[in-house]
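To keep things clear, I will list the structure first and then write my remarks on it.
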2 protein chains.
Amino acid sequence: MSILNMPFKALSDPTRRKIIQMLKERDMTAGEIAEHFNMTKPSISHHLNILKQAELVIDERKGQNIYYSLNTTVFQEMVNWFFNITDKKGGSIGEED
Amino acid sequence: MSILNMPFKALSDPTRRKIIQMLKERDMTAGEIAEHFNMTKPSISHHLNILKQAELVIDERKGQNIYYSLNTTVFQEMVNWFFNITDKKGGSIGEED
DNA sequence: TAGATATTTAAATAATTATCTAAATATCTA
DNA sequence: TAGATATTTAGATAATTATTTAAATATCTA
């Protein structure tokens, strides 16, 4: 299975895409993120975990809070996937996904 | 709900991503596509339908066959979504998703 | 150390999605 | 028009995913 499978699955959920866009503006704690949704904290925690497993975000504890921030590396790889589709026939060789 | 929701959901499945990559190389009939998978034709038909609803592919009947081909428009919009994430803080205004 | 705050983990349930078999539709050809 | 081929649609089931409540863990502070 492609390494991009988890990130693609992670971004298929609108709540998680919104979280990503919030983190684009600034790093935030789990609690701050949860405040923006009509959803319990455990649900947001679950979504954050999926984003983390997909390596789309990084978490770091600072005291009582856990800060979440974007990890742009995998986003770059996803952009490459789309480029490969959008580009003319043939494209790069050795692509996995 | 964002207009990108369906395409994101559509691309979260590895079978559908593989179909997209096959169609990048050349247009194919539903039957040709199905031959590449360990899956029944109705299952592939279901996946093609999801890709079609997401406007990632176009279908056109030619005689007994139905040819599928890429519709790159939505891919472009998805690339823009990723650019917006990858770019520096702020980014373009008026983004919906 | 006890209590308060922040967050996650666990367990259950509801909702969504993928897959199959069987049947239907559309087209071609003899 | 009857039979063959290509594909989809319908209906059922299994698997996955999202969500909730309740409980657990980690950290801070009085």
Side-chain angles (χ1 to χ4, degrees), chain A residues 1-23 26-71 97, chain B residues 1-23 26-71 97:
Chain A
M1 176 62 63
S2 157
I3 197 169
L4 287 185
N5 197 49
M6 288 179 73
F8 266 114
K9 279 231 186 302
L11 292 180
S12 72
D13 183 278
T15 299
R16 293 194 289 262
R17 285 200 305 280
K18 193 173 171 199
I19 291 173
I20 291 296
Q21 294 202 298
M22 289 164 53
L23 294 180
R26 63 179 181 87
D27 298 353
M28 296 176 83
T29 68
E32 287 175 326
I33 293 167
E35 281 172 9
H36 288 75
F37 295 93
N38 251 342
M39 204 175 287
T40 63
K41 284 174 193 210
S43 295
I44 294 298
S45 186
H46 158 79
H47 286 303
L48 288 170
N49 189 249
I50 286 170
L51 290 170
K52 197 167 80 175
Q53 284 180 242
E55 297 186 69
L56 292 168
V57 304
I58 293 164
D59 66 335
E60 184 184 5
R61 180 179 279 276
K62 282 182 182 164
Q64 283 168 304
N65 301 302
I66 298 180
Y67 278 85
Y68 283 87
S69 58
L70 287 189
N71 177 14
D97 198 30
Chain B
M1 176 63 62
S2 158
I3 197 171
L4 288 185
N5 197 50
M6 288 180 74
F8 266 114
K9 278 232 187 301
L11 293 180
S12 71
D13 183 278
T15 298
R16 292 194 287 263
R17 286 200 304 280
K18 193 172 172 199
I19 291 173
I20 291 297
Q21 295 202 298
M22 289 163 55
L23 294 180
R26 64 181 180 84
D27 297 354
M28 296 176 83
T29 68
E32 287 175 324
I33 293 167
E35 281 171 9
H36 289 75
F37 295 93
N38 251 343
M39 206 177 285
T40 63
K41 284 175 192 209
S43 294
I44 294 297
S45 185
H46 159 80
H47 286 304
L48 288 170
N49 189 248
I50 286 170
L51 289 171
K52 197 167 80 175
Q53 284 181 242
E55 297 187 68
L56 292 168
V57 304
I58 295 164
D59 66 334
E60 185 184 4
R61 179 178 281 276
K62 282 182 182 166
Q64 281 168 303
N65 301 301
I66 297 180
Y67 278 84
Y68 282 88
S69 58
L70 288 189
N71 176 13
D97 199 27

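Just so it is clear, the model here is predicted, and its values are computed rather than measured. In the text below, chain A, chain B and the rest are named by the order of the sequence lines, each starting its count at 1.
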Residue among B:Met6, B:Arg16, B:His46 satisfying side chain to side chain contact (heavy atoms under 4.5 Å, CB included) with B:Leu51: B:Arg16
Between C:dT25 (P) and B:Arg61 (CZ): distance, integer Å: 13 Å
Result for 5'-nearest mapping on DNA chain C, choosing between A:Glu32 and B:Thr40, is A:Glu32
Determine whether a donor-acceptor pair (N or O, by modelled atom type, separation under 3.5 Å) exists between the side chain of B:Asp13 and the backbone of B:Thr15. yes
Complement of D:dA12, any strand, by Watson-Crick or G-U distances under 3.5 angstrom: C:dT19
Any A:Gln53 side-chain heavy atom under 4.5 Å of A:Asn49 side chain: yes
Of the candidates C:dT27, D:dT19, C:dA18, the side chain of A:Ser43 sits closest to D:dT19
Nearest listed nucleotide, side chain of B:Ser45, among C:dT8, D:dA18, D:dT8: D:dT8
Nucleotide of D:dT21, D:dA10, C:dT8 approaching B:Pro42 most closely (side-chain heavy atoms): D:dA10
Between C:dA18, D:dA6, D:dT7, which nucleotide has the shortest distance from any of its atoms to the side chain of B:Gln64? D:dA6
Between B:Lys41 (NZ) and C:dT25 (C1'), how many Å, whole number? 15 Å
Among the nucleotides D:dT19, C:dC28, D:dT7, whichever has the atom closest to the side chain of A:His46 is D:dT19
